[in-house]
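Atoms considered below: every heavy atom in the structure, side chains included; atoms not considered: hydrogens, waters and symmetry mates. Chain A is the first sequence line, chain B the second, and so forth, proteins listed ahead of strands; every chain is numbered from 1.
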Amino acid sequence: MKKIFLNIALIGALAIGMQSCHTVSRVDTDSTMDISGKWNDADSRMTAETLTEQILGEIWLNQFKKKNQRKPVVIVGFVKNKSHEHIEAETFMKNIERSFIQSQKIRLVQGGDKREQIRGERADQQTNSSVSTMKKFGLEVGADFMVQGDITTIVDAYNRKKVVYYQVNLELTHLQTSEVVWIGEKKIKKYVKN
Amino acid sequence: MKTLINSIAIFIFLLGTNVMAQNPDQNPNYAESQAKYDEKKDELTKDHGETIQETYEAFDWTENKLKEKKARIQRRHEIRMIRNQRNRVCYSSNHHRGHYNNGYYNNGYNTNGYYSNGYNNNSCNNGYFGGNNYSNSGSNWGSTLLTTAVLGTTLYYLFK
C-alpha cells in the first residue's frame with residue numbers, strides 16, 4: 001500500500017515537473033517553422049527573395065541604364081496591409097532595400113520619418129557646425145522611382161479546415177511620368193487543419 | 001566718387017564669393033526647406049541615440065489563456081464581493097424593516113438582469129429577489145395601496 005502511494009506521488013511530481021518545464025533553443029533563421037499557420041518569418045523571407053530576384057532581374061533596370069547612362073534612384077513608399085492579419089512589411093522591404101545597395105545596381109534614398117530626422121539634423125548643422133563640415137540644403141538626390149506595395153489575403157474556412165492565400169504586390173512607378181515600370185508579386189497559399 | 005567705386009567693388013566681390021560658394025546644382029528653393037526644418041529641428045533631433053518603442057502585442061495562445069483565466073477569477077471575485085455585500089444588507093434589513101424602501105435597491109443593480117439570474121437564490125432572499133423583488137418594491141407598494149383603496153371604497157359604498 002505504502003509502495004503504491006509512493007509511486008503515485010512520484011508520478012505526480014514527475015508530471016508537475018514536466019508541465020512546468022520551459023526550454024528555449026536557438027534555431028537557424030533560415031529554417032521554416034509553421035506553428036499557427038499565420039504569416040511568419042519564413043513567409044517574409046520567401047517574399048523578400050522572390051521580389052528581390054524579380055526587381056533586380058527584370059527589363060526595366062537595363063532599359064533605364066541604357067537610356068540615362070546611370071543607375072536608377074529609388075525611394076520606398078508605403079506598403080498597405082489589406083489582409084486579415086498583422087503583417088510587418090518592413091521585414092521583407094528591408095531585405096529588398098539591402099539588395100539594392102549590395103548589388104550596386106540601384107541607388108536608394110531615404111524616406112519617411114528617417115528622412116525627416118536627417119533634415120532636422122541638417123537644419124541643426126546650419127547654426128551649430130563649422131562651415132567646412134556643414135551640410136547644405138537643396139542637394140539631396142532626387143528619386144527616379146518609388147516602390148509601393150500592398151498585401152492582400154483571401155481566407156476560405158470550413159469547420160476545422162482553413163485555406164489562406166496571401167498575395168504581396170510591389171510596384172515601381174516613375175516619379176516624373178507616373179509610369180509603372182515594374183510589378184512584382186509573391187503568392188503564398190497555406191492549408192491549416194485544426 | 002571714390003567711396004561709391006569702393007562700395008560697388010565690395011558688393012561685386014561679395015556677390016562673387018556667394019555665387020562661388022553656392023553649388024550650381026543646389027535647388028534654388030532650398031531656403032524654403034531650410035526655413036521649414038529650422039522651425040522643427042529640435043523636435044526632429046530629440047530622439048538621437050534613443051530607441052523609439054513602437055511595439056505591438058503579438059498573439060500568444062498561452063498568454064491569452066492565462067489572461068482569460070485571470071479575468072475569469074477577477075470577475076468571480078467581483079461577483080462574490082457584490083453578493084457578500086448584498087447579503088450583509090439583507091441581514092441587516094431583516095432587523096430593520098422598511099430598509100428596502102429607501103431606494104437602495106432601485107439603484108440599477110436589480111434592473112440590469114444581474115440579480116435576476118439566480119444569484120439571489122440564497123438563504124437570505126427567500127424569494128424577495130425573485131419576480132416581485134424589493135427592487136420593484138416602490139411600485140408594488142403603490143399598487144397594493146391602490147388596490148386597498150379601491151377595495152375599501154367599494155366596500156364602503158356597498159355597506160353604506
task = Indicate if Met93(A) and Leu172(A) have the same hydrophobic cluster label, given that clusters are the connected sets of ILVMFWY residues with side-chain heavy-atom separations under 4.5 angstrom.
result = yes

task = For atom NE2 of His77(B), decide whether the heavy atoms of other residues, nucleotides or ligands shown that lie under 6.0 angstrom number more than 12.
result = no

query = Can you tell me if Tyr37(B) and Gln126(A) form a side-chain donor-acceptor pair at under 3.5 Å?
reply = no

request  = Check whether any side-chain heavy atom of Asn23(B) lies under 4.5 Å from a side-chain heavy atom of Leu139(A), and answer yes or no.
outcome  = yes

request  = Name the member of Glu140(A), Arg122(A), His86(A), Glu88(A) that forms the most heavy-atom pairs with chain B at distances under 4.5 Å.
outcome  = His86(A)

task = Please look at Gln117(A) and chain B and tell me whether the side chain, the backbone, both or neither of the residue comes under 4.5 angstrom of a heavy atom of that chain.
result = both

task = State plainly whether one hydrophobic cluster holds both Val109(A) and Met146(A), where clusters connect Ile, Leu, Val, Met, Phe, Trp and Tyr through side-chain heavy atoms under 4.5 angstrom apart.
result = yes

task = Inspect the surroundings of NZ in Lys80(A) and state if more than 12 heavy atoms from other residues, nucleotides or ligands are less than 6.0 Å away.
result = no

ask   = Are more than 12 heavy atoms from other residues, nucleotides or ligands located less than 6.0 Å from atom CD of Glu43(B)?
value = no

ask   = Do the side chains of Trp182(A) and Ile75(A) join up, straight or via other hydrophobic residues, at under 4.5 Å, putting them in one cluster?
value = no

remark   = The interface call for Asp47(B) against chain A, heavy-atom contacts under 4.5 Å, is both

task = Answer yes or no: is there a donor N or O on one side and an acceptor on the other, between the side chain of Gln26(B) and the main chain of Phe137(A), under 3.5 Å?
result = yes

ask   = So, do Lys41(B) and Thr127(A) sit near enough that their side-chain heavy atoms are less than 4.5 Å apart?
value = yes

query = Taking atom CZ of Phe59(B) and atom OG of Ser36(A), what is their separation to the nearest 0.5 Å?
reply = 9.0 Å

ask   = Hey, what do you get for CG (Asp124(A)) to CG (Leu44(B)), rounding to the nearest 0.5 Å?
value = 10.0 Å

Within 6.0 angstrom of Asp28(A) CG, more than 12 heavy atoms from elsewhere = yes

key: Evaluation steps, side-chain contact (heavy atoms from CB on, under 4.5 Å), between Glu116(A) and Lys40(B)   = CA-CA 10 Å; Glu116(A) 285 291 294; Lys40(B) 50 181 183 178; 3.2 Å; yes

inquiry  = Return the CD1 to OG1 distance between Ile118(A) and Thr45(B), rounded to the nearest 0.5 Å.
reply    = 13.0 Å

query = Could you give the distance from OG1 (Thr62(B)) to NE2 (His22(A)), rounded to the nearest 0.5 Å?
reply = 10.0 Å

inquiry  = Taking CG in Asp41(A) as the centre, count heavy atoms belonging to other residues, nucleotides or ligands within less than 6.0 Å. Is the count above 12?
reply    = yes

